[in-house]
*Asks:* 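Please see the structure below; I have some questions.
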Protein chains: 2
Amino acid sequence: MADTASPVTEACPIVEVLDHVAGKWAIGILVAAAHGPVRFTALEREVEGISRRMLTLTLRKLERDGLLVRTVYPTVPPRVEYTLTDIARELHQTLVGLTSWAEKHRGTIAEARRSYDRHSATP
Amino acid sequence: MADTASPVTEACPIVEVLDHVAGKWAIGILVAAAHGPVRFTALEREVEGISRRMLTLTLRKLERDGLLVRTVYPTVPPRVEYTLTDIARELHQTLVGLTSWAEKHRGTIAEARRSYDRHSATP
DNA sequence: CCGGATCCGGGAAGATACTG
DNA sequence: CAGTATCTTCCCGGATCCGG
């Protein structure tokens, strides 16, 4: 934990895993699906701005990594539900910390960004 | 640089902020720089696999967002140190949770991935 | 020692149209 | 309702050379 040399540099399997979570839509989908089994169209509505294609692709990726379970009900019309696995729920807990951090400091960050851009403006 | 306003980031400033943290190298750099002021070459060594270019670009982005402070010592040869700001330190705390999650479950994830690939193999 | 500038390939992502 | 398929565009990221 409090090691002097952080093990980030060795082989970096962590970065590999995080790369998948770090996709543009993954976090949004995980947060949207955290409150229970969610249907495809519900996700399409909740994760605003996402396209059908990217929703499908990201869902497949998350399913492949064992973060989401896809359940198909052979009804008419078809119905598919996505549920977070246990490890995804654990992940969601840390994601909550991340999002609250972002909420808490988004003003400061926006300000810092403006200040930086103003300073590096080329008149 | 001049970030064009996309409809997604308008509605969701959190995603916009997280998008920057979610870059391929940002987390590694933040973790590597967390233990104190770090020089450019030290980061280049610690965040193994990163190129000079990406290191520079990511550092600039983090600096722009007010997560890193860049201090230039006008010596010969030049010496530059990067230090985490307070909000970056807060972020680093949640990042620790994220990385330990990844460490803890990377085996499970790798297994799930293999299982998924085996099942969806096309004979 | 710490970068910036440029060229270029590949994957991510949008738009659109079609299907079981 | 829940996806596929295809095409195109964009920008991330590596390689390389140059500069203070």
Side-chain angles (χ1 to χ4, degrees), chain A residues 12 15-16 18-29 32-33 37-65 68-83 116 119-120 122, chain B residues 1-12 15-16 18-29 32-33 37-64 68-83 120 122:
Chain A
C12 267
V15 169
E16 181 191 5
L18 291 183
D19 257 9
H20 289 197
V21 177
K24 187 175 181 181
W25 302 107
I27 292 181
I29 289 178
V38 183
R39 303 185 59 172
F40 188 87
T41 21
L43 284 172
E44 203 177 356
R45 262 182 288 108
E46 282 196 63
V47 186
E48 215 150 336
I50 196 172
S51 65
R52 253 201 184 84
R53 186 182 119 89
M54 286 320 294
L55 181 53
T56 301
L57 288 179
T58 312
L59 285 173
R60 289 290 173 275
K61 205 163 77 173
L62 292 173
E63 187 195 356
R64 186 171 107 103
D65 282 2
L68 284 183
V69 174
R70 180 169 175 269
T71 313
V72 183
Y73 297 94
T75 60
V76 178
R79 176 173 148 218
V80 179
E81 282 183 352
Y82 293 91
T83 314
Y116 184 95
H119 177 268
S120 63
T122 59
Chain B
M1 290 297 202
D3 203 10
T4 54
S6 88
V8 182
T9 53
E10 276 178 28
C12 195
V15 170
E16 181 191 6
L18 291 184
D19 257 9
H20 289 196
V21 178
K24 186 175 179 181
W25 302 106
I27 293 180
I29 289 178
V38 183
R39 302 186 59 172
F40 187 86
T41 18
L43 285 172
E44 204 177 355
R45 263 182 288 109
E46 280 197 64
V47 187
E48 215 149 336
I50 196 172
S51 65
R52 245 197 179 71
R53 185 180 122 91
M54 287 320 294
L55 181 54
T56 301
L57 288 180
T58 312
L59 285 173
R60 290 291 170 274
K61 206 163 76 173
L62 293 173
E63 188 194 357
R64 187 171 106 103
L68 284 183
V69 174
R70 181 170 174 267
T71 313
V72 183
Y73 298 94
T75 60
V76 178
R79 175 173 149 216
V80 180
E81 283 185 353
Y82 294 89
T83 314
S120 63
T122 57

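So you know, we letter chains A, B, ... as the sequences are listed, proteins then strands, and number each from 1. Note that the coordinates shown come from a computational prediction; the quantities given were computed from them, not determined experimentally.
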*Asks:* So, is A:Arg52 close to the C:dT19 phosphate, meaning a side-chain N or O under 4.0 Å from OP1 or OP2?
*Replies:* no
*Asks:* Do B:Val47 and B:Leu55 have side chains that get closer than 4.5 Å, going by heavy atoms?
*Replies:* no
*Asks:* Just call it for B:Tyr82: base, sugar-phosphate, or nothing, with non-hydrogen atoms closer than 4.0 Å on any strand.
*Replies:* sugar-phosphate
*Asks:* Measuring from the side chain of B:Thr41 (C-beta onward, heavy atoms only), which nucleotide among C:dC1, C:dG4, D:dC1 has the closest atom?
*Replies:* C:dC1
*Asks:* Closest approach to the side chain of A:Arg70, judged atom by atom: which nucleotide of D:dC1, D:dG3, C:dG4 is it?
*Replies:*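 Between D:dC1, D:dG3, C:dG4, the one nearest the side chain of A:Arg70 would be D:dG3.
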*Asks:* Considering non-hydrogen atoms only, spot the tightest contact between B:Trp25 and B:Glu48 and give its length.
*Replies:*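 That closest heavy-atom pairing would be CZ3-O, 4.2 Å.
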*Asks:* Round to a whole Å and report the spacing from CZ of B:Arg39 to P of C:dG3.
*Replies:*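 These atoms are roughly 10 Å apart.
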*Asks:* Write down the distance between OH (B:Tyr73) and P (C:dC2), rounded to a whole number of angstrom.
*Replies:*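 Roughly 12 Å, once rounded to whole Å.
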*Asks:* Counting heavy atoms from C-beta on, name the nucleotide in C:dC2, D:dG3, C:dG4 closest to the side chain of B:Val80.
*Replies:*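 So the side chain of B:Val80 is nearest to C:dC2.
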*Asks:* Rounded to the nearest Å, what distance is computed from the CD atom of residue A:Glu44 to the P atom of nucleotide C:dG14?
*Replies:*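 Taking CD of A:Glu44 and P of C:dG14, I get 13 Å after rounding.
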*Asks:* Please report how far the helix from C:dC1-D:dG20 to C:dG20-D:dC1 bends, comparing the axis fitted to its first five pairs with the axis fitted to its last five, to the nearest 10 degrees.
*Replies:* 50°
*Asks:* CD1 of A:Ile29 versus P of D:dG3: gap in Å, rounded?
*Replies:* 11 Å
*Asks:* Separation of B:Leu55 atom CG from C:dG4 atom C1', in whole Å?
*Replies:* 14 Å
*Asks:* Please round to the nearest 0.5 Å and tell me the distance separating atom CG of A:Leu43 and atom CZ of A:Arg52.
*Replies:*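 Rounded to the nearest 0.5 Å, the CG-CZ separation comes to 12.5 Å.
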*Asks:* Run the side chain to side chain contact (heavy atoms under 4.5 Å, CB included) check on A:Ile29 and A:Leu62 step by step: do they pass?
*Replies:* CA-CA 9 Å; A:Ile29 289 178; A:Leu62 292 173; 3.9 Å; yes
*Asks:* Run the side chain to side chain contact (heavy atoms under 4.5 Å, CB included) test against A:Pro37 and tell me which residues pass, sequence neighbours left out.
*Replies:*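 Scan of A:Pro37 (side chain to side chain contact (heavy atoms under 4.5 Å, CB included), adjacent residues dropped) gives A:Glu81, A:Thr83.
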*Asks:* My understanding is that only residues two or more places apart in sequence, or in another chain, count here; which of them pass side chain to side chain contact (heavy atoms under 4.5 Å, CB included) with B:Val72?
*Replies:* B:Arg70, B:Val80
*Asks:* C:dG3 C1' sits how many Å from B:Ile50 CD1, rounded?
*Replies:*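 In whole Å, C:dG3 C1' and B:Ile50 CD1 are 14 Å from each other.
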*Asks:* If you look at every heavy atom in A:Ala33 and A:Val38, which pair is closest and at what distance?
*Replies:* CA-CG2, 3.7 Å
*Asks:* Please list each protein N or O that sits under 3.5 Å from an N or O in nucleotides 5-13 of chain C, with the distance.
*Replies:*
from, atom 1, to, atom 2, distance (Å)
C:dA13, N7, A:Arg53, NH2, 2.6

*Asks:* By salt bridge (Lys or Arg N to Asp or Glu O under 4.0 Å), which residues pair with B:Arg53, not counting sequence neighbours?
*Replies:*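 Result, salt bridge (Lys or Arg N to Asp or Glu O under 4.0 Å) vs B:Arg53: none returned.
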*Asks:* Going by the rule salt bridge (Lys or Arg N to Asp or Glu O under 4.0 Å), which residues pair with A:Glu46 if we only count those two or more places apart in sequence or in a different chain?
*Replies:*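 With sequence neighbours excluded, A:Glu46 shows a salt bridge (Lys or Arg N to Asp or Glu O under 4.0 Å) to no residue whatsoever.
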*Asks:* Please state how far atom CZ in B:Phe40 lies from atom C1' in C:dC1, giving the value in whole angstrom units.
*Replies:* 9 Å
